Amino acid sequence: MSAIAIKYNDEILDLVTAEERGIEGEEIILDNSPESLDVLRHSTAHLMAQAIKSLYPDAKFYVGPTVKEGFYYDFKTESEIGSGDLKKIEKQMLSFAKKKYKIEKYSLSMDDAKEKFKDDHLKLSVMERIKDNTVSIYKQGEFEDLCRGPHLPSIGLIRYFKLTKLAGAYLGGDSKNEMLTRIYGIAFADKESLKDHMTMLAEAEKRDHRKIGGEMKLFTFREEVGAGFPIWLPAGARLRARFESLLYKAHRKRGYQPVRGPEMLRADLWKTSGHYQNYGENMYFTQIDDVEFGVKPMNCVGHIKVYEDELHSYRDLPIKYFEYGVVHRHEFTGALHGLFRVREFTQDDAHIFCTVDQIEEQIIEVVDFVDKLMTTFDFKYKMMISTKPEKAVGDAEVWEKSEAALINAMEANNLDYDIDEGGGAFYGPKIDIKILDAIGREWQCGTIQLDNNLPERFKLEYNGEDNEKMQPVMIHRAILGSFERFIGILTEHYAGEFPMFIAPTQVAIVPVAEVHKDYAKQLSDKLIDINADSEIYAKNDSLNKRIRIAEKTRVPMIVVIGDEEIENKTVAIRDRRTREQYTLSEEKFLQLIQTKINEVNF
RNA sequence: GCUGACAUAGCUCAGUUGGCUAGAGCAGUUGAUUUGUAAUCAACAGGCCCGGGGUUCAAAUCCUCGUGUCAGCACCA
């Protein structure tokens, strides 16, 4: 197979450019390697632009890069394009590809290029961002486009692609600018890979927590209640309750104290904390008896008030308070997304008040907590340190110290991390935990944030060794992040087939006939005694149908009870995944359930 | 918030260029059947066609303003 590009000093050059510069390097052939796909998808983006231009002659193009999930092109046309038009564009692309146009390249001086594209404000805006004096133009058939490459030698090599989404996007990614049309697509070197990719997308759709959440009756949303306010149904509430009790134990073992702050606090307090000024546009406010109140968007202020309730000695530190804190944040309507982004949610929130010297060990302990929990759910995860953002409070020196403390904690313990410059909260730098689910998608959940700002603003203190007043450091942390988001992710991760210890219902009991109902009830009571929920399927339906319904609820275990079982004091178990059946004595069965529920500890 | 699409029974969806009493499957209720591992049969009930305003002899259908949902952007746990 012949080369499609050349790799030279980690730079990928198309064949024309390599020849131009007389460079010989490692050959890249057309396969599904990252380098090859990058070139292929970039050229596919151009092919798409070519097709769009021929169908909508007035179209003007902005940029068409490759991204993690394929490629896109931003453009503008007076015609209306709907997602139904993607097929038409694909067809046009194929017909161009069949003509096997060569992709040619030539250079222009910046001035000539500006003259050439003088009627195209999008291209001019692209060129404004380019510092070089010359730019390159790529040409295939009638179509040409300003681009720095690299590209395939010919569009004839493009065969296996699909246009996936049509949407709007801001020019230059800035919400102040005009909105362009963006079409996303994907391309592969072979048919199989494209098919696999489409299968993966279909799988992700099947796992959508909004769909499964409805089917399993975990939660719902209602228009009359308001956007972004989830309603937890019995099954979802049972799942949450299991989470809460597991986490309660995990926190107590690590020396956290449960506390509870009020849902709303006087606006003055939010001014002291800085939330009023920095986060006010996301908060809900109300006026009561001429006093302004703010509904809490975070739990820190409540916990600070707990801290202030008594005097503290250095001997007491670290002090750790935790709360399943309900918070309200006014998110943009367009940001709302099932349980992933809501306006009311519950954080597994905690605040650690400690000395500067204790920061590192505390961070390590929290990271270990995170690790235990993620391992339990078979999540891979990575950590990201986010530094000072544009909109920040507190002085620069404190920021530097805090950032250094986080990095130290990671380095000293050989933990892997990435850095997100400017991604911190307004009051301090943070470590975010990004988890990878069963089908490789990445989610942000837990967070560990260092805060020197609130202790300063609230003048928090403890008595030091020499009886002088010292200021504690505050660490905000959440392991799940929020119950809402985490349960949403967990739902997609397991495709609704939750493991026994967290499932809303542990066992479905199906009595064969009416006369077996009493025995089913007795068994159900015994299950409650060992902290297992069960549901009896005794409706006037056929046995087959009741088993089918039970299966569809995704319950981990179904037991069938009839004459035989009652006589022998056994249960007939049907495994969810394998559909295999086996019989256990009632005693062994109860033991099994108990083990499965208790085997988990974070 | 922005761009675009969508909103019909508890759920999933039909409903022609505006025209008769808005349909189906599942779920629900009732009756028959009492079932041994993924849908027994029958009957019944269920709708301010998202909400307000308008156009029209006539609106689920057209226009408009809201609300909500979806995709993407921008923002975030």
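Chain A is the first sequence line, chain B the second, and so forth, proteins listed ahead of strands; every chain is numbered from 1. Bear in mind the structure is a predicted one, so any value in this text is a computation, not a measurement.
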P spacing across the pair B:C20 / B:C49, given as an integer number of angstrom = 15 Å
Contact class for A:R477 vs. all strands (heavy atom < 4.0 Å): base, sugar-phosphate, or nothing?
-> nothing
Establish, with yes or no, whether the OP1 or OP2 oxygen of B:U40 is under 4.0 angstrom from a side-chain nitrogen or oxygen of A:S542.
-> yes
Do NZ/NE/NH1/NH2 and the carboxylate oxygens of A:D418 and A:K434 come within less than 4.0 Å?
-> no
Can you tell me, in whole Å, how much space there is between the P of B:G23 and that of B:A9?
-> 14 Å
Write down the distance between CZ (A:R341) and C1' (B:C75), rounded to a whole number of angstrom.
-> 6 Å
Does the ring center of A:Y324 lie less than 6.0 Å from the ring center of A:Y248?
-> no
Using whole Å, report how far NZ of A:K517 lies from C1' of B:U34.
-> 12 Å
Taking the six-membered ring of A:F602, is NZ or CZ of A:K372 closer than 6.0 Å to its centre and within 45° of its axis?
-> no
Geometric class of the A:H330/A:Y284 ring pair [parallel <30°, tilted 30-60°, perpendicular >60°] | perpendicular
Under 3.5 Å, N/O pairs linking protein and nucleotides 7-13 of chain B:
none

Give the minimum heavy-atom separation between A:M216 and A:T553, together with the two atoms involved.
-> CE-O, 3.6 Å
May I have the list of side-chain donor-acceptor pairs in residues 479-494 of chain A shorter than 3.5 Å, sequence neighbours left out?
{"from": "A:S482", "atom 1": "OG", "to": "A:R485", "atom 2": "N", "distance (Å)": "3.0"}
{"from": "A:E484", "atom 1": "OE1", "to": "A:T346", "atom 2": "N", "distance (Å)": "2.9"}
{"from": "A:E484", "atom 1": "OE2", "to": "A:R240", "atom 2": "NH1", "distance (Å)": "3.0"}
{"from": "A:R485", "atom 1": "NE", "to": "A:F340", "atom 2": "O", "distance (Å)": "3.0"}
{"from": "A:R485", "atom 1": "NH1", "to": "A:Q444", "atom 2": "O", "distance (Å)": "2.9"}
{"from": "A:R485", "atom 1": "NH2", "to": "A:F340", "atom 2": "O", "distance (Å)": "3.2"}
{"from": "A:T491", "atom 1": "OG1", "to": "A:I487", "atom 2": "O", "distance (Å)": "2.6"}
{"from": "A:E492", "atom 1": "OE1", "to": "A:R441", "atom 2": "NH1", "distance (Å)": "3.0"}
{"from": "A:E492", "atom 1": "OE1", "to": "A:R441", "atom 2": "NH2", "distance (Å)": "3.0"}
{"from": "A:E492", "atom 1": "OE2", "to": "A:H209", "atom 2": "N", "distance (Å)": "2.7"}
{"from": "A:E492", "atom 1": "OE2", "to": "A:H209", "atom 2": "ND1", "distance (Å)": "2.9"}
{"from": "A:H493", "atom 1": "ND1", "to": "A:A438", "atom 2": "N", "distance (Å)": "2.8"}
{"from": "A:H493", "atom 1": "NE2", "to": "A:F377", "atom 2": "O", "distance (Å)": "2.9"}
{"from": "A:Y494", "atom 1": "OH", "to": "A:F377", "atom 2": "O", "distance (Å)": "3.4"}

Candidate nucleotides B:C75, B:U40, B:G72, ranked by approach to the side chain of A:E331 - the nearest | B:C75
Counting only side-chain N and O atoms of A:H337, is one of them less than 4.0 Å from OP1 or OP2 of B:A71?
-> yes
Select base, sugar-phosphate, or nothing to describe what A:N282 touches, counting heavy atoms under 4.0 Å on all strands.
-> nothing
Within less than 4.0 Å of OP1 or OP2 of B:A71, is there a side-chain N or O belonging to A:Y72?
-> no
Verdict with supporting geometry, A:I352 and A:V366, side-chain contact (heavy atoms from CB on, under 4.5 Å) | CA-CA 10 Å; A:I352 300 169; A:V366 174; 3.9 Å; yes
Non-hydrogen side-chain atoms of A:K165 and A:R182 separated by less than 4.5 Å | no
Whole-Å P distance, B:A22 and B:U55 | 25 Å
Kindly say if A:K545 contacts the phosphate of B:C26, meaning a side-chain N or O under 4.0 Å from OP1 or OP2.
-> no
Of B:A38, B:A74, B:A77, the nucleotide closest to the side chain of A:E551 is B:A38
Mark yes or no for a side-chain to base donor-acceptor pair under 3.5 Å between A:R182 and B:C73, with no hydrogen or angle criteria applied.
-> no
Determine, for A:E215 against A:K552, whether the closest basic-nitrogen to carboxylate-oxygen distance falls under 4.0 angstrom.
-> no
Distance, C1' atom - from B:A58 to B:G68, rounded to whole angstrom = 29 Å
Roughly how far apart, to the nearest Å, are B:A71 and B:C44 at atom P?
-> 41 Å
Measure up the A:F75 and A:F61 rings against each other and bin them: parallel (under 30°), tilted (30 to 60°), perpendicular (over 60°).
-> tilted
Determine whether the aromatic ring centres of A:F285 and A:Y276 lie less than 6.0 Å apart.
-> yes
Mind running a 4.0 Å heavy-atom check of residues 533-540 of chain A against RNA chain B and sending the residues that fall below it, in number order?
-> A:K539, A:N540
Ignoring backbone atoms, test whether A:N544 places a side-chain nitrogen or oxygen under 4.0 Å from the OP1 or OP2 oxygen of B:U37.
-> no
Nearest heavy-atom pair of A:A572 and A:E565: which atoms, and what distance?
-> CB-OE2, 3.5 Å
With A:I183 as reference, evaluate A:I52, A:T164, A:D74 under the side chain to side chain contact (heavy atoms under 4.5 Å, CB included) test and give the passing residue.
-> A:I52
Could one point to a donor on the side chain of A:R485 or the base of B:C76 with an acceptor on the other under 3.5 Å away?
-> yes
Upstream residue (5' side of RNA chain B) when A:E564 and A:G446 are each assigned their closest nucleotide | A:E564
Describe the nucleic acid contact of A:E224 in one word from base, sugar-phosphate, nothing, applying a heavy-atom distance below 4.0 Å.
-> nothing
Just call it for A:F486: base, sugar-phosphate, or nothing, with non-hydrogen atoms closer than 4.0 Å on any strand.
-> nothing
Note, RNA chain B 5' to 3' with Watson-Crick or G-U pairs under 3.5 Å encoded as ( ), [ ], | and . gives (((((((..((((.....[...)))).(((((.......))))).....(((((..]....))))))))))))....
Pair A:Y582-A:D575, side-chain donor/acceptor within less than 3.5 Å = no
Using atom C1' of each nucleotide, how far apart are B:U64 and B:U56 to the nearest Å?
-> 16 Å
Let me know, please, whether A:A227 or A:I547 comes out on the 5' side of the other along RNA chain B by nearest nucleotide.
-> A:I547
Atom P, compared across B:G36 and B:C41: separation rounded to whole Å | 16 Å
Under 4.0 angstrom, heavy atoms only, what part of the nucleic acid is A:V510 near: base, sugar-phosphate, or nothing?
-> nothing
For B:U35, take OP1 and OP2 only and decide whether either is under 4.0 Å from a side-chain N or O of A:R548.
-> no
Which atom names give the shortest non-hydrogen contact between A:K206 and A:K211, and what distance separates them?
-> O-NZ, 4.0 Å
Counting only pairs under 3.5 Å, give me each side-chain donor-acceptor contact of residues 224-238 of chain A, with atom names and distances, residues two or more places apart or in other chains.
{"from": "A:E224", "atom 1": "OE2", "to": "A:R222", "atom 2": "NH1", "distance (Å)": "3.1"}
{"from": "A:R238", "atom 1": "NE", "to": "A:P504", "atom 2": "O", "distance (Å)": "2.8"}
{"from": "A:R238", "atom 1": "NH2", "to": "A:T505", "atom 2": "OG1", "distance (Å)": "2.7"}

Interface with RNA chain B, restricted to residues 565-574 of chain A and to heavy atoms under 4.0 Å | A:E565, A:A572, A:R574
Salt bridge A:R260-A:E323, side-chain N to carboxylate O under 4.0 Å = yes
Closer than 4.0 Å, any side-chain N/O of A:Q581 to the OP1 or OP2 of B:U37?
-> no
Does B:A77 have OP1 or OP2 sitting under 4.0 Å from an N or O in the side chain of A:K430?
-> yes
For B:G72, does either OP1 or OP2 sit under 4.0 Å from a side-chain N or O belonging to A:K165?
-> yes
Scan A:E514 against the nucleic acid and name what it touches under 4.0 Å (heavy atoms): base, sugar-phosphate only, or nothing.
-> base
Base, sugar-phosphate, or nothing for A:D432, non-hydrogen atoms under 4.0 angstrom?
-> nothing
